[in-house]
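Down below is the structure, laid out as structure tokens.
Only a predicted model underlies this, so the values are computations on that prediction, with no experimental measurement involved. For the single chain, residues carry numbers from 1 onward in sequence order.
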Amino acid sequence: MTQELTTSARAAARAAAPARTPQPSTGLDDSPRPARAAEPTGPGWWRDAVIYQVYVRSFADSDGDGVGDLPGVRERLPHLARLGVDAVWLTPFYASPQADGGYDVADYRAVDPLFGDLSDADALVRTAHRLGLRVIVDIVPNHTSDRHPWFTAALAAGPGSAARARYHFRPGRGGDGALPPNDWESVFGGPAWTRTENPDGTPGDWYLHLFAPEQPDLNWDCPEVVEEFDSVLRFWLDLGVDGFRIDVAHGMVKAAGLPDIGRKEQAKLIGAQVLPFFDQDGVHEIHRSWRRLLDSYDGDRIGVAEAWAPSAERLALYVRPDELHQAFNFHFLRCPWDAAAMRSVIDESLGATASVGAPTTWVLSNHDVVRHTTRYAEESPEQGLRRARAAALLMLALPGSTYIYQGEELGLPEVVDLPDEVRQDPAFFRSFTEDGQSGQDGFRDGCRVPIPWSGGEAPYGFGPVAGGPSWLPQPDGWAALSVEAQTGDPSSTLELYRSALALRRRLPGLGDGTMAWLDGPAAPEGVLALSRPGFVCTLNTLGHPVEMPAPGRPVLSSAPAEFEGRSVRIPADCCVWWAI
């Protein structure tokens, strides 16, 4: 049965994609990626797009310094074209002191020399377009770097100056102003305020930073801030990018008066309730103005919100017809491995976005969370990988758009044993407050370890030299997980993703559209079964096999299934796709 499924899936992949060399490319193949049978070159391409997140530092290193860069991404774009994705999202590559992996921007119009230069960004966009890939870049509007010219000018100008109006400066509380202006906590742990020193050396006002102290929050009530970001967006749109992933899209507006919250461990409240610094209604006018700007350009340029909201209904506000095009569905990412919970989250997500006519997005991992291969491993790494493979097929079968985080197509686990001395996540260094409580777990470095491409030793083709450096050490044993090792192996996670994406492109019932749940014998307890035009997806979330009627002809399975007559025995933690 394994061979039947594999042969079927590979046949679909061959029908949907041109033949390519089985080794990962080291040069540039400018062959365009095939168009989807049903759509997406016309309006609304984002409604069913598969978008691949590239964490630039960890994707591919072209010059051997141990850090990924834009030329490295450009050289590896053929891998993404062959994988079958529609677009690439790049994490920040702007000029930055790198206090938070580039999310502390000092110049929004310049490429940091660590990653290349502006000509490299231009070449990457042009090459991606030749390959049929769209390019989405990160924009970081909630805060700048403390090295940004605006912030250095604000510190030099002193209290009450126009330069300080671009940020949130406030006098401290208490007789001598020695206490922070309110009780807000940084997402990275500790207070969200840092006290300045006046030009004459005396203690000064405090400034707000919801993340690291090196990331002062901008004041979006200041017209200069609004005008500057309009200009920045136009700069990159004029260069040819296809859209923006908006970092902390829920955080740009703060409640009037900056009121106290009245409790500690505030990071645990994010996404659970509206906070005076997150998910304020005022952010929506900013996103409406950006939608008008995006619509003024040809080519369906899009905005994608990284927005934490306490409900699917509030998240849907970010994707109303006059606002952004997509918003990340973190409720799906956070969902436990449980059939009832998954069904509930999927229903809530689809219902909320349908109410505003927007597509739903589905995501399992990103650069800020533990990889789902490890999150799902309640009993063993093997269980985690089984569940991750099955979850990928479920995600790709759902209506809407999906996001793939680099390396998940290789089944990479979280690296949980990085030595403290190599860590660079600022949340790790600020992870404990005075009372010992953690703002975040501080272990985001584990999902950012450079991915393996080829070879038998580190850096596994990440850089140009065998045995060369990588900014975070890769585990021993990753050779078997490399692109080179998995290519052509029908049982590998990489080939599973390639087959699934080829089928998703080929089958008209997948992508955007309708979905219905199947119940009764088609969905025994612990099994999710969903129907789409000409297609059924069944997911066994239980730790043991389940026997049920076969709903159609199997075309892809995350693990070998067994058949007897018209019945199928679906293994534990397994997802099967069926043509009907």
Side-chain angles (χ1 to χ4, degrees), residues 99-101 103-104 140-144 146 167-174 177-196 205-221 246-284 305-315 317-318 327-331 333-334 366-370 425-444:
D100 183 23
Y103 283 93
D104 51 316
V140 187
N142 179 71
H143 48 263
T144 70
D146 63 349
Y167 296 90
H168 294 277
F169 282 87
R170 296 289 187 278
R173 293 190 290 193
L179 299 175
N182 65 21
D183 68 355
W184 294 2
E185 295 172 355
S186 164
V187 176
F188 290 163
W193 296 90
T194 291
R195 196 171 193 183
T196 65
D205 286 345
W206 298 70
Y207 70 87
L208 176 67
H209 53 85
L210 292 177
F211 296 90
E214 296 87 354
Q215 296 168 289
D217 277 46
L218 288 161
N219 176 16
W220 274 85
D221 290 330
I246 303 164
D247 186 60
V248 197
H250 56 297
M252 294 130 78
V253 171
K254 279 68 175 175
L258 309 185
D260 284 342
I261 292 175
R263 60 162 291 180
K264 294 185 178 294
E265 297 187 87
Q266 295 165 13
K268 296 180 179 179
L269 305 178
I270 298 170
Q273 66 182 61
V274 176
L275 296 168
F277 51 74
F278 279 163
D279 198 33
Q280 291 290 304
D281 291 339
V283 300
H284 296 290
E306 184 216 20
W308 290 88
S311 68
E313 290 73 22
R314 283 198 67 86
L315 184 65
L317 298 179
Y318 290 81
F328 289 135
N329 188 348
F330 293 119
H331 294 279
L333 182 150
R334 285 177 158 182
N366 63 35
H367 65 291
D368 282 333
V369 300
V370 173
D425 181 4
F428 175 75
F429 299 106
R430 290 173 55 83
S431 60
F432 294 99
T433 58
E434 291 180 0
D435 57 5
Q437 298 299 316
S438 176
Q440 280 192 346
D441 58 24
F443 290 96
R444 295 182 301 168

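At least one side-chain heavy atom of Thr196 sits less than 4.5 Å from a side-chain heavy atom of Phe169. Considering only heavy atoms from C-beta on, Trp206 stays 4.5 Å or farther from Leu179 through its side chain. Side-chain contact between His209 and Asp146: absent, with no pair of heavy atoms (C-beta onward) separated by less than 4.5 Å. Residues Leu275 and Ile270 form a side-chain contact, since some pair of their non-hydrogen atoms from C-beta on lies under 4.5 Å apart. Between Phe211 and Asn142, the closest side-chain pair of non-hydrogen atoms falls below 4.5 Å. Inter-residue side-chain proximity for Phe188 and Arg444 is flagged as met; some heavy-atom pair is nearer than 4.5 Å. Residues Trp193 and Leu208 form a side-chain contact, since some pair of their non-hydrogen atoms from C-beta on lies under 4.5 Å apart.
No salt bridge links Asp183 with Arg173; every basic N to acidic carboxylate O contact stays at or beyond 4.0 Å.
Ser186 contributes atom OG, which lies 9.5 Å from atom CG of Asp217 (distance to the nearest 0.5 angstrom). The structure places CZ of Phe330 at 8.5 Å from CG of Leu315, a figure rounded to the nearest 0.5 Å. Taking OH of Tyr318 as the start and CD of Glu306 as the end, the distance is 10.5 Å to the nearest 0.5 Å. Note that the CD atom of Gln273 and the NZ atom of Lys268 stand 13.5 Å from one another [nearest 0.5 Å].
By the side-chain contact (heavy atoms from CB on, under 4.5 Å) test, Arg334 pairs with Trp308, sequence neighbours left out. For the salt bridge (Lys or Arg N to Asp or Glu O under 4.0 Å) test, residues two or more places apart in sequence or in another chain that qualify with Asp279 are Arg314. Under the side chain to side chain donor-acceptor pair (under 3.5 Å) criterion, Asp247 pairs with Arg245, not counting sequence neighbours. Remark: Asn219 engages no residue in a side chain to side chain donor-acceptor pair (under 3.5 Å) (not counting sequence neighbours). Annotation: salt bridge (Lys or Arg N to Asp or Glu O under 4.0 Å) contacts of Arg195 (sequence neighbours excluded): none. With sequence neighbours left out, Arg170 forms a salt bridge (Lys or Arg N to Asp or Glu O under 4.0 Å) with no residue at all.
Between the side chain of Trp184 and the backbone N or O of Pro276 there is no donor-acceptor pair closer than 3.5 Å. With hydrogens and angles ignored, the 3.5 Å screen pairs a side-chain donor or acceptor of His331 with a backbone N or O of Ala309.
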Item to check | Evaluation steps, side-chain contact (heavy atoms from CB on, under 4.5 Å), between Gln266 and Leu210 | outcome: CA-CA 11 Å; Gln266 295 165 13; Leu210 292 177; over 6 Å; no
**Item:** Tyr167 and Leu218: CA distance, side-chain angles, deciding distance, side-chain contact (heavy atoms from CB on, under 4.5 Å) verdict
**Value:** CA-CA 4 Å; Tyr167 296 90; Leu218 288 161; 3.7 Å; yes
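Minimum interatomic distance between Glu185 and Lys264 (heavy atoms only, all atoms of both residues): OE2-CA, 3.3 Å.
For His168 and Tyr207, the distance between ring centers is not under 6.0 angstrom.
Applying side chain to side chain donor-acceptor pair (under 3.5 Å) to Tyr103 and the options His143, Gln215, Glu214, His367 leaves one that passes, His367.
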